[in-house]
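One structure is given here, and the rest of the page talks about it.
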Amino acid sequence: MSRFWKPGSEKPSTLLVDDEEGGVVFLPSSSSVSSSGFGYASLERQRQRLPVYKYRKAILYLVERHATTIVVGETGSGKSTQIPQYLKEAGWADGGRLIGCTQPRRLAVQMVASRVAEEVGVKLGEEVGYTIRFEDQTNPGMTMIKFLTDGVLIREMMEDPLLTKYSVIMVDEAHERSISTDMLLGLLKKIQRRRPELRLIISSATIEARSMSTFFNIRRKNSLLGSSDNLPSPEPAVLSVEGKGYTVEIHYVEEPVSDYLQATVNTVLLIHEKEPPGDILVFLTGQDDIEAAVKLLNEEIQHLGRHYLDLLILPLYSGLPRGDQDLIFAPTSKGKRKVVLSTNIAETSLTLEGVVYVVDSGFSKQKCYNPISDIESLVVAPISKASARQRAGRAGRVRPGKCFRIYTEEYYLTEMQSEGIPEMQRSNLVSCIIQLKALGIDNILGFDWPASPSPEAMIRALEVLFSLGILDEDAKLTVPIGFQVAEIPLDPMISKMILSANDFGCSDEILTIASFLSVQSVWVSVRGVKKEFDEAKLRFAAAEGDHVTFLNIYKGFHQSGKSSQWCYKNFLNYQALAVRKAIIAGSFTNACHLEEYSQNGMYKTIRTLQEVYIHPSSVLFRVNPKWVVYQSLVSTDKHYMRNVIAIEPSWLTEAAPHFYQFRAFNPAPH
DNA sequence: GAGCACTGC
């Protein structure tokens, strides 16, 4: 067991560093120091110590001469905070122009913006500001550097399609390839054709920059005019900036393991036994895995005795109650070693201080999408090399660290994909396409994406939008429904439902339901008190289905204290009918019929004859009404319908005659 | 009688 590992042979080219700008940094309260105490001169010295400082001139030179500059940053180089300041100092914000810098996450926007405001020595929201959904901290006419999420910038294009206020736009964390980042990159490329003077900076942690460079290498129509004009070269420049993380020694297993959970647990114990102090961060796939590993670890510790009681075992995933999450960031008491068992949340979204050892299972849960069945599912899949490097980098934050990979070096070198598949190619595109349509992009199939989604996925999304009446036969947004739906920042099916509610006089109720549908789940906040929970749910359960149940909950909440007196049931039934029709207007494409003679509650979808079942969390579970529509589908061992409502089949023809006119409503028994 | 990787407008 002690010779479990062999050192890896990675060269400094894969030197691992951490990102301080993309993630959220939590400092133990005992060691946290407010940097504002250092004063201006010290802040300036800190700025000059950042690796990116050496490249200040080079960056400004390239941005001046090239329409697009790709900065490959071993993260931690300070590029997110420094480059916008360099641009401002060089005059890119003169004349009322804006320097924009996008981030994929809201917290990152806020943190980078406040750091930069501090460094520039101004009040946040004035010269340096930020915009995220629900919060605009900018001052038009005053703000020069503006941080925003990429989603907000896409929304801004609806008002100002060429983003004329911006002289430079920096797209940060482009390697993460989120849907909104990819959409933004495609749109910015389009804008550049119309605004050749607009400068783009694409900041990426991986060398995938090469394909990015090909993507942005546009041929300008008027290139015959020669270089005498003031336009920058359309050929992208690429610049590499090193990071400032510590080296991380990589270890692999010698033989493939059969049980990665057990191997992970063994590795944690081995680190604790052999290695000097320093916290351990373990990457697993999900809550199930994490809970199983916690259990295994606790069992082993019971057997192994006193020394191992110094291990402080902490799970970390997004669904964790707030109080439990705080434990992760509390300082480790003396003589204790923290072991954080985490999902991918610790890979990009938040940063743990004090981690010196990383254990990488090599797997994560990833969304995947089948455009034929129109089903999105979460599957456990091997991670990419880029992910593996990112995970390892988490060990090199405070001092040189070690990363233990629960896979062989050969597997890493020969079988692991170098980059993950962009989210765009693993998703339902309904929301994405409606946004492009709203921006006036008619030829969706011809849109120039950094990574094209499959034609099947695009056609499926167009079909769904057409059937909802959001697009017409020419695939243009309908008036007014299509344009209205595009403006509402929700799932288009929910938006359509809200708009239809007006016709049925139940807007209040539908808005309540829509807000329930737009959160993860209304039930999850209760854990560990299963019996009371089930009883509470029964009190609110409505025969019509989950949607009306939400309404009951809200009403009960609203009239708190009188929850036992639900004596206006008839009135509720009358309302509920109209409410259900409005719901159908949004989700009739998700109608399902109970299979006759089915003993186990099997339904088939009307559209694709897919086998589906009512999710056990639904109030209609085991009730099995003949006809239902569902809000969403989750796939595990079976396809489960979540948020289900009972309907009359005639409502379908009423809501969507164009969709259902040729279909039979009495499928022959078989 | 099952489950929730992570974001965002």
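Quick note on labels: first sequence line is chain A, next is B, and so on, each numbered from 1. Everything numeric here is computed off the predicted structure, so don't read it as measured data.
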Checklist entry - Can you list every side-chain hydrogen bond (donor to acceptor under 3.5 Å, both in side chains) pair that touches residues 488-501 of chain A, not counting sequence neighbours? => result none
Item to check | Of T285(A) and R155(A), the one whose closest DNA chain B nucleotide lies more 5' | outcome: T285(A)
Item to check | Criterion salt bridge (Lys or Arg N to Asp or Glu O under 4.0 Å) against D360(A), the qualifying member of K385(A), R394(A), R391(A), R389(A) | outcome: R391(A)
Checklist entry - What does I132(A) touch in the nucleic acid at a heavy-atom separation under 4.0 angstrom: a base, only the sugar-phosphate, or nothing? => result sugar-phosphate
Next on the checklist: Starting the side chain at C-beta, find the nucleotide from dA5(B), dG1(B), dC9(B) nearest to P489(A).
Outcome noted: dC9(B)
Item to check | R642(A) side chain, from C-beta outward: closest of dC4(B), dC9(B), dC6(B) | outcome: dC4(B)
Checklist entry - Using a cut-off of 4.0 Å on non-hydrogen atoms, how would the nucleic acid contact of L378(A) be classed: base, sugar-phosphate, or nothing? => result base
Checklist entry - Under 4.0 Å between a side-chain N or O of T343(A) and OP1 or OP2 of dC6(B)? => result yes
Checklist entry - Do the side-chain N or O atoms of S318(A) get closer than 4.0 angstrom to the phosphate oxygens (OP1, OP2) of dC6(B)? => result yes
Item to check | Check: Q390(A)/T348(A) side-chain N/O donor and acceptor closer than 3.5 Å | outcome: no
Checklist outcome for this item: NE2 of H615(A) to OG of S617(A), rounded to nearest 0.5 Å, is 4.5 Å
Next on the checklist: If you compare every side-chain N and O of T149(A) against the phosphate oxygens of dC9(B) (OP1, OP2), does one of them come in below 4.0 Å?
Outcome noted: yes
Checklist entry - Would you say dC9(B) has OP1 or OP2 under 4.0 Å from some side-chain N or O of R106(A)? => result yes
Next on the checklist: Under 4.0 Å, counting only non-hydrogen atoms across every strand here, what does K367(A) touch: a base, just sugar-phosphate, or nothing?
Outcome noted: base
